[in-house]
Amino acid sequence: ITTNDVTLDLNGFTISSTETTPTGYGIKLARSAGNTDITIFNGHIKGGVTNNGSGTYSGPGFNFGIAYNPPSPLNVRVTGVSVSGCLNYGIYLGTGNSTVVESCTVQNIATIGITASTVSHSTVNQCGNIAINADNASDCYGYATGSGTGVSATTANNCYGSSGSGVGLSVYTANNCYGSSGSGDGLDADTGANNCTGSSSSGTGVSATTANNCTGSSGGGIGLSADIATGCHGTSTTNTGLHATTALNCYGTSGGGGYGLFATTANNCYGTSVSYIGLEAITTQNCYGYCSGGSVGLEATGSATGCYGQSSTGIGLYALIGNVCHGSSSSGTPFLVTHNVNTF
């Protein structure tokens, strides 16, 4: 397409390629000054590139499904198009511009599935680098193989991102989103993760500057890590359940040698760990810590108020200042308060 103001209706037909060494485009926006006011809809672009199972892609077809020659286009909309089997990009319109991709499906793309300023109601499966890359993503699913990213966006709403060993969902702000990863971070948000869930086999379940009403889970990494966590739950099989600078109404658990809950300030929080410290915080209030091993049930290096600590063989409760606290241990030390104490 070498001019502006073009609407291309594929009318349900397929543009396909069997080129052995993919170099071409399915649809190319080729105006030297950048295309404007383009609509492409209702059709299919198909090549034969597939994932060989080890994270690399090969096969015949197109290099690009829908893409442009620099500079980036403006006022471009792609809707109701399926793209599959491309060696480089699926739908590539750039970001930071007025481009929209909606109701599209993309699969078996070696590098990036969809790139546009706004991506909505779209699904991308089997991409080697980034499945969905957008300024704003909503109601989308993206899966990246290997160390790629499922969904990467400035703002994501109602999105699910998944990755083999990279980040499932990487955003600046996430709302009602879910991210999962085999060994990387499940959900990584720079500023906020609201009502979101992240899981990882060995990385961090949810990593956020601010997390509200969030759940994080990890097999070998940190369940939930946040500067501020409110009403959040973090769990880990072998590492720290919940790690936060400030935690309010939070629950952290660990099934191995990590902390159940580790926080600078914790309010109305519960931490448990199988063999390490159940709950550790500089300031704790109305908190409970449990450890079924030789470590500490609850350890407060600054203050503990209305708290309970329990350990099967270690120290039940350890605090510099304790007030209305209880420590229990089956064979170790019930409680150890080194500065001020008012316990029962």
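Note that these values count all heavy atoms, side chains included, but never hydrogens, waters or copies made by symmetry.
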K.L.:
Taking T36's backbone N and O only, do any of them form a donor-acceptor pair with N4's side chain (distance below 3.5 Å, no angle check)?
P.N.:
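Looks like yes, one N/O pair under 3.5 Å.
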K.L.:
Just by modelled atom types, is the L74 backbone N or O under 3.5 Å from a matching donor or acceptor in the S98 side chain?
P.N.:
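Answer holds: no.
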K.L.:
Kindly say whether G146 contributes a backbone atom to a donor-acceptor pair with the side chain of S165 at under 3.5 angstrom?
P.N.:
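Flag set: sc S165 to bb G146 pair under 3.5 Å.
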K.L.:
Will you find, in the side chains of T173 and T191, an N or O donor that is under 3.5 Å from an N or O acceptor?
P.N.:
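Per modelled atom types, T173 and T191 side chains form a pair under 3.5 Å.
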K.L.:
Quick check, are the ring centers of Y276 and Y259 under 6.0 angstrom apart?
P.N.:
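Yes.
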K.L.:
Between V119, L93, I38, I91, which is the residue that forms a side chain to side chain contact (heavy atoms under 4.5 Å, CB included) with T99?
P.N.:
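Per the side chain to side chain contact (heavy atoms under 4.5 Å, CB included) rule, the option paired with T99 is L93, out of V119, L93, I38, I91.
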K.L.:
Would you give the length of the straight line joining atom CD1 of I66 to atom OG1 of T115, rounded to the nearest 0.5 angstrom?
P.N.:
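One gets 12.5 Å once the value is rounded to the nearest 0.5 Å.
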K.L.:
Tell me if a side-chain donor or acceptor on T145 pairs with a main-chain N or O of C127 at a distance below 3.5 Å.
P.N.:
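Pair found, side chain donor or acceptor close to backbone of C127.
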K.L.:
In terms of the angle between their ring planes, are Y251 and H233 parallel, tilted or perpendicular, with boundaries placed at 30° and 60°?
P.N.:
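Correct class here is parallel.
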K.L.:
Backbone N or O of N239 within a donor-acceptor pair of the S254 side chain at under 3.5 Å?
P.N.:
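Present.
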K.L.:
How long is the straight-line distance from CG of N157 back to OG of S120, given to the nearest 0.5 Å?
P.N.:
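The distance works out to 11.0 Å.
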K.L.:
Does any non-hydrogen side-chain atom of V171 lie less than 4.5 Å from one of C177?
P.N.:
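Result no, sub-4.5 Å side-chain heavy-atom pair not found.
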K.L.:
About how many Å separate SG of C86 and CD1 of I45, when rounded to the nearest 0.5 Å?
P.N.:
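Atom-to-atom, I45:CD1 and C86:SG are 7.0 Å apart.
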K.L.:
How about S82 and H44: does a side-chain donor come under 3.5 Å of a side-chain acceptor?
P.N.:
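A donor-acceptor contact under 3.5 Å links the two side chains.
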K.L.:
Taking the side chain as every heavy atom from C-beta outward, state whether E299 and E280 have any atom pair closer than 4.5 Å.
P.N.:
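They are in side-chain contact.
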K.L.:
Considering only heavy atoms from C-beta outward, does the side chain of I1 approach that of I27 to under 4.5 Å?
P.N.:
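Yes; the side chains approach each other to less than 4.5 Å.
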K.L.:
Side chains of N108 and T50: do they bring a donor and an acceptor to under 3.5 Å?
P.N.:
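Result is no, nothing qualifies.
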K.L.:
Should F62 and E19 count as side-chain neighbours, where that means a heavy-atom distance under 4.5 Å?
P.N.:
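Result no, sub-4.5 Å side-chain heavy-atom pair not found.
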K.L.:
Would you kindly say whether Y160 and S180 are connected by a side-chain donor-acceptor distance under 3.5 Å?
P.N.:
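Short answer, yes.
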K.L.:
Between N35 and T3 (side chain of the first, backbone of the second, donor and acceptor by atom type, cut-off under 3.5 Å), is there such a pair?
P.N.:
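Yes: the side chain of N35 pairs with the backbone of T3.
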K.L.:
Hey, are the side chains of D135 and S117 touching, using non-hydrogen atoms and a 4.5 Å cut-off?
P.N.:
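Answer yes - side chains close enough.
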K.L.:
Are I114 and L8 co-members of a hydrophobic cluster defined by side-chain heavy atoms under 4.5 Å apart?
P.N.:
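In one cluster with L8: I114, yes.
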K.L.:
Taking C-beta and beyond as the side chain, do V124 and I109 meet within less than 4.5 Å on heavy atoms?
P.N.:
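No. Closest side-chain heavy atoms not under 4.5 Å.
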K.L.:
Please check: side-chain N/O of S311 versus main-chain N/O of S295, any donor-acceptor pairing under 3.5 Å?
P.N.:
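At least one qualifying donor-acceptor pair exists.
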K.L.:
Let me know which of N212, T210, N176 forms a side chain to side chain donor-acceptor pair (under 3.5 Å) with N194.
P.N.:
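Passing option: N212.
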K.L.:
Backbone N or O of T7 within a donor-acceptor pair of the T39 side chain at under 3.5 Å?
P.N.:
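Such a contact is absent between T39 side chain and T7 backbone.
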K.L.:
Return yes if some donor-acceptor pair links the side-chain N/O of S236 with the main-chain N/O of G223 below 3.5 Å, else return no.
P.N.:
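Not at all, since once roles are kept as given, no pair shorter than 3.5 Å links the two residues.
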K.L.:
State yes or no: do Y68 and L87 share one hydrophobic cluster built from I, L, V, M, F, W and Y residues joined by side-chain heavy-atom distances below 4.5 Å, directly or via other members?
P.N.:
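In one cluster: no.
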K.L.:
Which of parallel (below 30°), tilted (30 to 60°) and perpendicular (above 60°) describes H243 and F262?
P.N.:
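H243 and F262: parallel rings.
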K.L.:
Looking only at atom types and distance, does a side-chain atom of S147 sit under 3.5 Å from a main-chain N or O of G166, one as donor and one as acceptor?
P.N.:
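Not a single qualifying donor-acceptor pair exists.
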K.L.:
Within the structure provided, determine whether T272 and Y288 are in side-chain contact (heavy-atom separation under 4.5 Å).
P.N.:
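No. Closest side-chain heavy atoms not under 4.5 Å.
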